[in-house]
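Only a predicted model underlies this, so the values are computations on that prediction, with no experimental measurement involved. Values reported hereafter were calculated over all heavy atoms of this structure, with side chains retained and with hydrogens, waters and symmetry mates removed.
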Amino acid sequence: VSMMPGETALWIASVGQYAVKAIVALVAIMNPLYVLPAFLSVTVDYSYDERQRLAWRSIRYAFILLILFLAAGEVILLVFGISIGAFQLGGGILILLIGIRMFFAPTAALEGQEESLAKAEHQKQDIALTPMAIPIIAGPGTITTVLGLKSAAPGWAHQCAVAIGILVACTIVYLVFKYHRVVLTRLGEFGLSAISKLMSIMLIAVAVQISASGVRELVATLTGSAP
């Protein structure tokens with residue numbers, strides 16, 4: 001179906017806004033400054049070149065994983081018999097809790113990962129996939145965010161916008177890892193903490209919006225009306 005010029009402009013604007021929303025949500029949940037200490041911890045005995053190669057491999061694995069979840073999101077929900085509204089609401093609550101945790105516990109990214117990090121220090125060939133790509137970069141919260149954005153996307157173009165968001169977010173994380181020396185020197189401990197808290201606030205806002213969409217979807221399903 002062809003669209004009028006005005007409709008085309010609105011459609012392009014809608015897709016662009018969704019891409020921005022996806023970028024903000026994914027950068028906030030991945031929070032590169034929040035996971036940077038984990039990267040530095042697990043590579044404490046690495047040379048500069050080894051760190052650069054590890055950063056690239058880790059981001060590549062994380063990107064592929066998130067794209068796979070984006071492509072197969074509907075199948076995953078169908079297999080488990082989960083409605084879009086229920087997933088949006090549940091995922092939104094999970095992301096909200098993660099955002100709150102990030103705000104009040106800046107070092108929480110390392111909690112529960114000490115054992116895997118310790119093992120990884122002696123297994124350099126395995127670090128890129130786990131624990132770096134999973135769960136440090138692309139953890140449950142990131143995967144949930146991708147599935148939530150896809151379930152709320154009104155069309156294929158908006159789903160492509162989510163893919164763009166994944167690419168941009170992964171690129172930002174990679175650049176932070178690659179230029180970690182500059183980041184640490186320029187921002188300092190206070191700057192890292194301040195930006196991390198700002199990202200957590202943005203994440204909380206995104207979580208509330210996703211949850212609200214889930215509530216509307218569930219109400220529409222129960223009442224038989226359009227969301």
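Scanning both residues, G148 and F87, for their nearest heavy atoms gives N-CE2, 3.5 Å. Counting all heavy atoms, side chain and backbone alike, L65 lies closest to A138 at CD2-CB, 3.9 Å. Closest approach of V176 and P32 over heavy atoms only: CG2-CB, 3.8 Å. Nearest heavy atoms, G92 versus A207: O-CB, 3.3 Å. Nearest heavy atom pair, residue L36 against residue V183, reads CD2-CG1, 4.3 Å. Of all heavy-atom pairs between E50 and D45, the closest is OE1-O, 4.4 Å.
Below 30°, between 30° and 60°, or above 60°: for Y18 and H158 the angle between ring planes is above 60°, a perpendicular geometry.
Remark: the backbone N or O of A71 is paired with a side-chain donor or acceptor of K150 at under 3.5 angstrom. Checked by atom type and distance alone, the side chain of Y174 never pairs as donor or acceptor with a backbone atom of S58 at under 3.5 Å. Side-chain atoms of T145 come within 3.5 Å of backbone atoms of G141 as a donor-acceptor pair (strictly under, hydrogens ignored). In terms of modelled atom types and a separation under 3.5 Å, the side chain of R57 and the main chain of L129 share no donor-acceptor contact.
Residues R53 and Y48 form no side-chain contact, since every pair of their non-hydrogen atoms from C-beta on lies 4.5 Å or further apart. Looking at heavy atoms from C-beta onward, L66 lies out of side-chain contact with Y61 at the 4.5 angstrom threshold. A heavy-atom distance below 4.5 Å is found between the side chains of L54 and F39. Side-chain contact check for Q88 versus R216: every heavy-atom pair is 4.5 Å or farther apart. By the 4.5 Å heavy-atom criterion applied to side chains, L149 and L26 are counted as neighbours. Between L203 and F103 there is no side-chain heavy-atom pair separated by less than 4.5 Å. You'll find the side chain of L40 reaches within 4.5 Å of the side chain of L184, heavy atoms only. You'll find the side chain of M30 stays beyond 4.5 Å of the side chain of V35, heavy atoms only.
Cluster annotation: I82 and V79 are assigned to the same hydrophobic cluster (Ile/Leu/Val/Met/Phe/Trp/Tyr, side-chain heavy-atom contacts under 4.5 Å, transitive).
Atoms CD1 and CG, from I210 and L89 in turn, are 11.0 Å apart once rounded to the nearest 0.5 Å. To the nearest 0.5 Å, atom CD1 of residue I64 and atom CD1 of residue I67 are 9.5 Å apart. Here the CD1 atom belonging to I137 is positioned 11.0 Å from the OG1 atom belonging to T130, to the nearest 0.5 angstrom.
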- request: Check the pair I166, L70 against side-chain contact (heavy atoms from CB on, under 4.5 Å), reporting the backbone distance first and the verdict last.
  value: CA-CA 9 Å; I166 294 173; L70 175 63; 4.1 Å; yes
